[in-house]
Amino acid sequence: MPVAIGMLRAMADGDVSRPVFWADQIAMELAASTAAPATDGIAEHPADGRDDPASAGGAGPAQVMNDSKTPSGRAHVGALRGVLVHDAVLRSCRAAGMAATYRFGSDDMDPLDELSPGLEDHLRPHLGKPLHAVPAPPGVDAPDLATWFIDELFGVFEPLGVGAVTYRMRDVYRSGQFDDAIDAIVRHAGAVREVYRRVSGSQRPDDWLPLQVVCERCGRIGTTSVSDYDGETVAYQCRRDLVAWAEGCGASGRVSPFGGRAKLPWKLEWVAKWHVFGVTVEGAGKDHTTRGGSREVAAACLEAVFDEVAPRNVPYEFFLVGGRKMSSSRGRGVALGDMARLVPPDLLRFVMLRVPPRRAVDFEPDLATVSRLFDDYDRLVNKVASGACTPADVALYETARAHPAERGPLGGSSVRPAPVSRSLPPFDTVVSVLQLPHLDTVAALERGIGRQLSAGERSVLDERMASARTWLEVFADPAERIELQHAVPASAEALDQRQRAYLHVLADLLEDCPWQGTAVQAALFDAARCTPIAPRDGFSAVYQVFLGRRDGPRAGYLLAFLDRAQVLARLRALPYDAAGLWQATACTSISEAVDWVAEVVPGAAAPATAPAEVVLRPVAIDGVGVSGTGMSGGAAQAPGSPASVAAAGVELDVLDSQGRRHRARLALGGPGAAGSRQQVAVAEQVAAALTEAGYEVRSAPRRAAPDHSAAPGGRARRASAG
RNA sequence: GCGCCUCUAGCUCAAUGGCAGAGCAACGGACUCUUAAUCCGCAGGUUGGGGGUUCGAAUCCCCCGGGGCGCACCA
């Protein structure tokens with residue numbers, strides 16, 4: 001199977017009419033261009049013997065990838081784009097049998113030129129110093145600022161399977177590796193100035209040298225201007241007004257620019273890296289790649305000074321969050337560490353590498369986007385596992401996999417496990433289930449998909465659950481998070497009388513309902529018919545009372561995993577106008593009630609079916625509440641207002657052949673009709689009429705007002721309850 | 001001003017010169033019954049507009065338009 005995968009790569013079959021993974025395309029072009037004896041001098045500058053030995057087995061000219069990052073702030077996800085673009089090219093080169101290495105540098109000789117949010121006071125005195133010379137903030141366990149910042153990025157290399165060898169510019173300069181390049185570049189300062197003028201249009205003074213030294217007095221490097229190179233030393237001035245963001249100390253003198261006492265400005269440092277390391281591939285973000293931009297200037301300088309051709313560029317777009325560029329200085333964006341905890345390594349590689357470098361990756365860590373990412377990756381894995389895929393699919397899959405332990409000289413595909421198709425609960429489902437308390441998440445999810453997960457799927461699910469937890473903890477905004485409220489939230493005061501009545505009806509039905517998801521879910525619908533209310537409005541009321549929002553996960557399951565007594569108390573917490581409900585919903589004559597029963601359950605018309613059960617229950621409406629509803633705050637009702645409504649009635653509960661409960665109310669007239677004698681008489685008339693029509697009629701005892709524990713035994717007689 | 005990317009079904013995107021497709025959403029249906037855990041089905045398009053190359057164009061070239069971003073100060 002691994003062999004088949006290798007053969008599927010576009011390069012192996014040479015069928016250019018089929019889609020080619022972008023990194024494979026670049027590797028092909030590199031192989032083609034370096035195979036031919038070019039006019040460049042790159043071959044004369046092999047990567048000075050520090051190659052990763054693992055790469056030595058490859059055939060053909062060695063490719064040296066280089067990339068770097070200035071450790072000037074907390075790393076955000078965008079920093080990973082360049083890292084992974086180069087890593088993808090590295091893997092493609094190795095998969096094609098080419099020798100290739102990947103170096104990644106920390107540009108920690110650069111001056112501190114901005115104040116990271118939250119660290120202003122600590123950093124301000126050090127503006128202009130090399131980043132490696134700025135102390136880490138108090139309480140941070142790092143030797144210096146640059147190390148602290150860059151380790152955040154380097155820390156994800158291993159888990160992501162990034163095959164880069166890291167280095168630090170302070171070490172490069174101190175070791176003297178750059179001394180010859182510094183000498184050559186400064187000697188060619190005139191040519192450099194000319195390139196600056198010609199390519200980017202920037203004018204430099206005639207005595208300007210492309211170099212900055214560390215001020216011997218204040219230690220700043222961003223504030224010094226340099227001139228007059230004599231082959232051993234340069235003259236410098238630490239100027240107060242050289243840059244706006246830092247102030248020099250005013251010192252001046254002569255100093256040797258070698259061995260770490262000076263650094264080249266950015267564009268020339270690039271030149272030196274390319275020359276000294278023999279770099280053949282170095283991509284750059286679009287901010288560098290514009291016409292007349294730093295990349296073009298550097299390429300021209302490389303040619304002017306060393307007569308070499310610049311490495312292959314791989315221009316790449318930004319990684320946007322919600323369509324906007326991330327900015328660590330403005331605190332906008334997604335922290336690298338958060339992102340690494342949010343999505344598993346494979347997915348992080350996948351999201352960065354599936355789009356060609358020149359296209360922006362727009363990723364918003366909201367539920368829909370993250371869920372889609374998981375879906376997309378599952379689909380890719382299944383596609384590759386099934387074999388119904390293109391070479392580009394296979395290449396993307398291989399490139400997206402993070403498995404550092406198996407990385408080999410040729411990409412290690414021969415030892416990689418074959419992809420296994422998976423059928424896992426989607427991310428948003430996992431998020432949903434995780435938020436239900438007291439729930440065995442895995443068991444619930446397995447129940448959801450109707451089978452047990454394999455061991456492999458289980459480990460992927462564990463990963464997904466960890467992601468879901470991170471999402472809930474770090475990324476979910478209040479609108480996306482469901483949180484069980486400890487009391488009825490204030491927003492629930494807006495529920496109308498019908499919804500409030502629904503909650504009370506539901507509470508009564510849940511008194512002796514089996515405490516299980518499906519049964520509770522059925523009770524939710526029963527309560528909607530019994531109120532009556534549109535199910536949607538009833539559900540909405542439940543979500544309002546428990547979650548403080550209008551929708552939520554399947555309500556029956558939500559409630560079933562809570563404590564019954566607490567659920568009942570919560571449902572009854574909001575008072576409602578019982579008399580008003582009766583006025584709005586009750587039948588006013590016996591014949592109307594009987595017609596209603598016949599409409600709901602056509603028992604007489606279908607004698608073959610089991611007779612539907614009708615339960616009659618006398619109910620007192622004493623003007624402040626209906627007895628038996630559990631409403632305790634009757635005194636809150638204004639005296640007076642219910643004077644005109646029925647003072648007593650009969651509830652008719654009908655259980656149809658499918659066990660669904662329906663309810664009608666029969667009001668008995670004005671305030672004077674409250675006598676139980678009349679209730680009994682009416683109930684008997686209704687019962688007689690219904691019995692005549694073929695229904696099985698039972699009567700439930702009148703319920704005592706404040707005590708609903710004496711619930712009539714027949715109430716829960718329904719198919720699902722037995 | 002210069003440069004890059006982008007425009008395809010309601011939404012997010014595939015298809016890289018060979019019959020315009022998927023996932024969600026919608027719609028229809030099933031499920032002791034829609035509501036953030038299920039399944040099946042159906043529909044959805046002048047590929048931003050115009051011109052050109054080609055037997056054949058979403059795809060390549062030119063022009064126009066909409067949107068996003070970058071460089072013109074610094075790494």
Side-chain angles (χ1 to χ4, degrees), chain A residues 16-22 25 68-72 107 109-114 131 200-202 212 222 243-245 263-267 269-270 285-297 315-318 320 323-325 354-362 364 367-369 371-373 375-376 378-379 383 390 392-393 425-426 428-433 435-436 444-450 480 482 517-519 521-526 528-529 534-540 542-543 547 549-558 656-661 718-720:
Chain A
V16 292
S17 73
R18 297 162 75 184
V20 176
F21 183 54
W22 61 264
Q25 179 71 38
S68 67
K69 166 94 176 73
T70 303
S72 58
D107 289 331
M109 281 287 280
D110 291 2
L112 176 70
D113 63 356
E114 64 179 5
L131 289 162
S200 71
S202 76
Q212 290 195 291
V243 291
W245 39 268
K263 84 179 281 290
L264 295 158
W266 161 245
K267 294 164 195 172
E269 191 168 278
W270 225 350
K286 74 184 293 186
D287 48 345
H288 298 306
T289 305
T290 193
R291 177 175 295 178
S294 52
R295 167 92 201 187
E296 204 170 301
V297 171
Y316 52 87
E317 255 280 4
F318 291 127
L320 307 174
R324 310 175 70 182
K325 187 187 177 228
R354 66 173 158 171
V355 296
R358 285 190 104 108
R359 263 174 47 185
V361 175
D362 192 358
E364 181 136 40
L367 187 56
T369 306
S371 295
R372 196 167 51 233
L373 174 60
D375 286 349
D376 288 347
D378 280 356
R379 203 171 301 126
K383 218 154 100 174
T390 67
D393 292 331
D428 51 2
T429 299
V430 176
V431 166
S432 214
V433 172
Q435 292 177 95
L436 299 185
L445 289 170
E446 285 185 329
R447 187 151 33 88
I449 63 174
E480 292 175 307
I482 60 172
T518 53
Q521 183 77 2
L524 286 158
F525 284 99
D526 280 349
R529 277 182 293 269
R536 182 193 325 173
D537 296 333
F539 275 90
S540 178
V542 169
Y543 293 128
L547 304 177
R549 44 184 297 163
R550 291 206 197 86
D551 54 18
R554 188 167 273 215
Y557 295 83
L558 174 68
D656 67 20
S657 59
Q658 293 184 304
R660 304 171 184 170
R661 180 184 298 265
R718 42 173 302 161
S720 65

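Every heavy atom of this structure was used, including side-chain atoms; hydrogens, water molecules and symmetry mates were not. All of these numbers come straight from a predicted model, not from anything done at the bench.
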Inset, instruction - Can you tell me the distance, in whole Å, between the CG atom of A/Asp376 and the C1' atom of B/C11? - result: 14 Å
Inset, instruction - For B/A57 and B/C61, measure between their P atoms and round to the nearest Å. - result: 16 Å
Inset, instruction - Could you give the distance separating B/U6 and B/G49 at their C1' atoms, to the nearest angstrom? - result: 16 Å
Inset, instruction - Mind calculating the distance between CZ (A/Phe318) and C1' (B/G3) to the nearest angstrom? - result: 13 Å
Inset, instruction - Could you grab the distance from atom CD of A/Glu114 to atom CH2 of A/Trp245, nearest 0.5 Å is fine? - result: 10.5 Å
Inset, instruction - For residues A/Gly556 and A/Gln521, report the shortest heavy-atom separation together with the two atoms involved. - result: N-OE1, 2.7 Å
Inset, instruction - Measure from the side chain of A/Arg359, starting at C-beta and using heavy atoms only, and say which of B/C13, B/C71, B/G3 lies closest. - result: B/C13
Legend entry - Out of B/U35, B/C71, B/A36, whichever nucleotide has its closest atom nearest the side chain of A/Asp287: B/C71
Inset, instruction - In whole angstrom, give the distance that lies between atom CZ of A/Arg358 and atom P of B/C5. - result: 5 Å
Legend entry - Side chain proximity check, A/Trp270 to A/Arg295, heavy atoms < 4.5 angstrom: yes
Legend entry - P atoms of B/A36 and B/G41, separation to the nearest Å: 24 Å
Legend entry - Span that lies between the C1' atom of B/U8 and that of B/A15, in whole angstrom: 10 Å
Legend entry - A/Thr289 (side chain) donor-acceptor with A/Gly285 (main chain) under 3.5 angstrom: yes
Inset, instruction - Could you check which of B/G3, B/A75, B/U16 has an atom nearest any side-chain atom of A/Pro265? - result: B/A75
Inset, instruction - Check every strand shown and say whether A/Asp375 touches a base, only sugar-phosphate, or nothing at a heavy-atom separation below 4.0 Å. - result: nothing
Legend entry - Nearest listed nucleotide, side chain of A/Phe539, among B/U16, B/U35, B/C2: B/U35
Legend entry - Length of the CD-C1' vector between A/Glu296 and B/C4, whole Å: 13 Å
Legend entry - A/Ala360 backbone acceptor or donor facing A/Glu317 side chain under 3.5 Å: no
Inset, instruction - Look at A/Arg291 together with A/Glu296 and state whether they make a salt bridge at an N to O cut-off of under 4.0 Å. - result: no
Inset, instruction - For A/Pro111, report the nucleic acid contact type (base, sugar-phosphate, nothing); a contact means any heavy atom under 4.0 Å. - result: nothing
Inset, instruction - Would you kindly give the CG-to-P distance between A/Asp378 and B/A22, to the nearest whole Å? - result: 19 Å
Inset, instruction - Between A/Trp245 and A/Arg536, name the one whose nearest nucleotide on RNA chain B is closer to the 5' end. - result: A/Arg536
Legend entry - B/U47 and B/C60, which share atom name P, separated by this distance in whole Å: 16 Å
Inset, instruction - Pick the P atom in B/A9 and in B/G44, then give their distance to the nearest Å. - result: 14 Å
Inset, instruction - Select one nucleotide: of B/A75, B/G68, B/U16, the one nearest the side-chain heavy atoms of A/Lys286. - result: B/G68
Inset, instruction - Can you tell me the distance, in whole Å, between the CD atom of A/Gln25 and the P atom of B/U16? - result: 13 Å
Inset, instruction - Select one nucleotide: of B/U16, B/A75, B/A37, the one nearest the side-chain heavy atoms of A/Thr70. - result: B/A75
Legend entry - Close side-chain approach of A/Phe318 and A/Asp287, heavy atoms under 4.5 Å: yes
Legend entry - 5'-most by nearest nucleotide on RNA chain B - A/Leu367 or A/Val355: A/Val355
Legend entry - Atom-pair distance (CZ on A/Arg372; P on B/A25), nearest Å: 12 Å
Legend entry - Pairwise C1' distance for B/G50 and B/A58, with rounding to whole Å: 16 Å
Inset, instruction - Starting at the 5' end of RNA chain B, write a dot or bracket for each base, bracketing those in Watson-Crick or G-U wobble pairs whose two distances are under 3.5 Å and using | for partners on another strand. - result: (((((((..((((....[..))))..((((.......))))......(((((..]....))))))))))))....
Legend entry - Nucleotide of B/U12, B/A75, B/G3 approaching A/Asp110 most closely (side-chain heavy atoms): B/A75
Legend entry - Atom-pair distance (CG on A/Leu547; C1' on B/U35), nearest Å: 13 Å
Inset, instruction - Measure the spacing between CG of A/Leu367 and CG of A/Asp428 and express it to the nearest 0.5 Å. - result: 5.5 Å
Inset, instruction - Find the distance between CE (A/Met109) and CH2 (A/Trp266) and round it off to the nearest 0.5 Å. - result: 14.5 Å
Inset, instruction - Can you figure out which of B/A75, B/C4, B/C2 approaches the side chain of A/Glu317 most closely? - result: B/C4
Legend entry - Euclidean distance for P, B/G10 against B/G45 (whole angstrom): 7 Å
